[in-house]
Amino acid sequence: MQIFDTLSRDFKELKTVNGKRLNVFVCGPTVYDKPHLGHARTYIFFDIFIRYLRYKGLRPFYLMNITDIDDKIINRANSENVPYNEISRRYSTEFFKIMKALRNESVNYYAFATDFINEIISQIERLMEKGYAYETSDGVYYSVEKFQDYGKLSHQDITQLKAGARVETNENKKNPLDFALWKKRKPNEPYWNSPWGEGRPGWHIEDTAITERFFGYHYDLHGGGIDLVFPHHEAEIAQMEAISGKPPLVDYWVHTGHLSVENVKMSKSLGNFITVEEILKSYWPESVRLMFIGMNYRDTSNFIMDGLNGSQTIAEKLTWIYRRVADTEAQEKENYDAFMKEIKEPLEKNMNTPDSLVAINDFIKWASNELNKTEGKNGEIKAILDDLDSIFGIVRKAPIPEAIVNTILEIRKSARAKGDYATSDKIRSDLSKLGIKIEDRGNESFAWW
RNA sequence: GGGUAGGUGGCAGAGCGGCGAUGCGCGGGACUGCAGAUCCCGUUUAUUGGGGUUCGAAUCCCCACCUACCCUCCA
């Protein structure tokens, strides 16, 4: 399949160097607040990407870091007057809860930065030995001028960066672009011991320490939000390739576009951050996923409520179909082959999920028609739904006590037979409030949820 | 100022040299006790602007304008 690589600015054929194994690292969150829709966008995309690779028969190892020590975490801890690790524990727990709620289940391992302090120190020591790092009164810094390729990922010219950028003022640094590998302890800050005294790791070094431990000097694919390209991923390249002397760090750099809300950039100051928690109070995770499937992952996209409402409609159609065939045995026959081909093909072209959605809609239309005519195609419909769910996670299979629902339907049926529509309508509307929809087809009724 | 990615109907969003998809929304009809779902029809000239290449351009080239992201933490 083809995938767009940020470094080469081109589509590249995805090849593995290790048979079916594919080592993948995606930048996880800094856990100092609740996840918002932008996080959902990025992590749902990578979840579907990995699910699809597995569906294809590859064996990706999906590694994600959790930044559990950082200025933001410390600030939040100070403002709440609690230890830093209470903040990181609270919001990492929240993050995992949200990931599960969104049906992002493909991560193999979450690596907490603070569990890799030894690896971090080891990397900094090696950078010092090789002359890429220097110590100052407040920390250890990476000297970007020592690394010839600095800027290659974001296609920046270091001298140009100096020219216009607002750069942090730090008298101790040789170059304003130099970034911290180790930050020496200030009063009331958490710390670990190191050859440079008590302190804590810089942000960029966490990720290379973790990936070196799991994957070594080189791995297949690195993902994250577009905003991380510079300086974060640039710094990762500088660190690991300087240490190893064996570029490249990774073969494919994959970045997701940002999400705005009702045409306004999401930001704390504007107060328009929409948390995933809030959205999931009113919408199914399947709907949220379908909404993002309808967007190209690389585009800067705009979230509008109408769009999510539309996705909810599609999610409900899929569920309606699923309920009708839930008890059927899956059959992978000709219609299954034809629809799955149409659905998979766009994914081969840089995960063009909007085009897959077209094929999914074709399937919905076909399946609805078939279900109105005959039961002959139910097995194939079931097989397609199973695959759709394993690739995209968009088929809702909520467990509801069917026996009870069926009993209620029987009661309602006799009410209708007597022409007692007041009762039958009340049952219908009450169940609807519980998320159970009833449809009448002649004398018989069908329930779904 | 520098870098990068883009500009297609009310909204979302494909197509990337040869009738401009698809979904949502909206309008109408069939069906229904009603509703929902489903089905059918419609939504009349939607490709930022201007040049160029070509028999033919949304698609390739040039110019302009506009947008987003990055150059500070950010998915």
Side-chain angles (χ1 to χ4, degrees), chain A residues 4 6 9 26-30 32-33 35-46 67 70-72 75 151 153-169 176-177 179 203 223-234 255-260 263 265-268 290-291 293-296 298-314 316-317 320-321 324 346 349 352-362 364-365 367-369 371-373 416 419-422 424-425 428-429 432 437-442 445-446 448:
Chain A
F4 187 86
T6 306
R9 281 177 289 187
V26 172
C27 281
T30 299
Y32 72 102
D33 208 344
H36 55 68
L37 274 179
H39 294 109
R41 196 243 178 118
T42 292
Y43 298 125
I44 286 173
F45 167 73
F46 282 107
T67 300
D70 177 81
D71 289 347
K72 285 194 160 106
N75 290 342
L153 179 67
S154 54
H155 310 99
Q156 305 271 6
D157 182 334
I158 291 185
T159 57
Q160 289 297 328
L161 283 175
K162 280 187 194 169
R166 289 168 288 165
V167 287
E168 58 186 287
T169 51
L177 294 171
F179 54 85
W203 180 36
I226 187 78
D227 52 306
L228 298 181
V229 172
F230 190 93
H232 187 52
H233 293 163
E234 200 77 68
H255 292 102
T256 54
H258 264 211
L259 191 72
S260 56
N263 286 312
K265 178 184 174 176
M266 266 199 282
S267 76
K268 292 258 160 162
L290 278 161
M291 178 179 71
I293 286 167
M295 300 173 179
N296 185 303
R298 289 179 62 225
D299 288 345
T300 300
S301 296
N302 187 33
F303 169 83
I304 51 171
M305 250 350 183
D306 281 353
L308 182 55
N309 286 330
S311 300
Q312 178 76 19
T313 302
I314 297 172
E316 289 180 7
K317 287 182 183 180
W320 178 84
I321 294 169
R324 309 214 116 207
K349 296 174 187 162
N352 187 346
T353 52
D355 250 6
S356 293
L357 187 56
V358 171
I360 292 170
N361 282 318
D362 286 345
I364 289 172
K365 188 161 189 156
S368 301
N369 270 315
L371 290 170
N372 286 337
K373 286 189 292 189
R416 291 182 72 217
D420 181 4
Y421 294 120
S424 72
D425 288 354
R428 185 168 64 194
S429 71
S432 179
K437 309 285 173 56
I438 294 177
E439 292 174 22
D440 296 326
R441 305 169 65 81
S445 298
F446 169 67
W448 64 280

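Please read these numbers as outputs of a predicted model, since none were measured by experiment. Below, chain A is the first sequence line, B the second, and so on; all start at residue 1. Basis for what follows: all heavy atoms, side chains included, without hydrogens, waters or symmetry-related copies.
Side-chain N/O atoms of A:Arg428 include none lying less than 4.0 angstrom from OP1 or OP2 on B:G36. Phosphate proximity of B:A14 to A:Ser356: absent, as no side-chain N or O sits under 4.0 Å from OP1 or OP2. In this structure, A:Lys365 does not reach the B:A37 phosphate: none of its side-chain N or O atoms is under 4.0 Å from OP1 or OP2. At B:C11, none of the side-chain N or O atoms of A:Asn302 fall inside 4.0 Å of OP1 or OP2 (strictly under the cut-off). Taking only side-chain nitrogens and oxygens, A:Ser154 never comes nearer than 4.0 Å to OP1 or OP2 of B:G2. Note on A:His39: a side-chain N or O is less than 4.0 Å away from OP1 or OP2 of B:A75. For B:U38, the OP1/OP2 oxygens have no side-chain nitrogen or oxygen of A:Lys373 closer than 4.0 Å.
Here the side chain of A:Leu259 is nearest to one of B:A75, B:G23, B:G36, namely B:A75. The side chain of A:Arg298 approaches B:A5 more closely than any other nucleotide in the set B:A5, B:U38, B:A12.
Residue side chain A:Phe230 fails the stacking definition with respect to B:G3, as its ring centre and the base's six-membered ring centre are not both under 5.5 angstrom apart and under 30 degrees in plane angle. Lacking a ring centre under 5.5 Å from that of the base six-membered ring together with a plane angle below 30°, A:His36 does not count as stacked on B:A75.
Counting non-hydrogen atoms under 4.0 angstrom, A:Phe446 reaches nothing in the nucleic acid.
In terms of heavy atoms, A:Phe46 sits closest to A:Gly223 at CZ-CA, 3.5 Å. Across A:Arg298 and A:His255, no two heavy atoms sit closer than the pair CG-O, 3.9 Å.
A:Ser368 places a side-chain N or O within donor-acceptor distance of the main-chain N or O of A:Ile364, the cut-off being under 3.5 Å. Panel note: side chain A:Asp440, backbone A:Gly442; no donor-acceptor pair is recorded below 3.5 Å.
Between B:G9 and B:G25, the distance separating the two C1' atoms is 12 Å to the nearest Å. When the P atom is used for both B:C61 and B:A5, the distance is 13 Å, rounded to whole Å. Using P as the reference atom, B:U32 and B:C24 are 24 Å apart when rounded to the nearest Å.
Counting distance only, with no hydrogens placed and no angle test, the side-chain atoms of A:Asp440 and the base atoms of B:C34 include a donor-acceptor pair under 3.5 Å.
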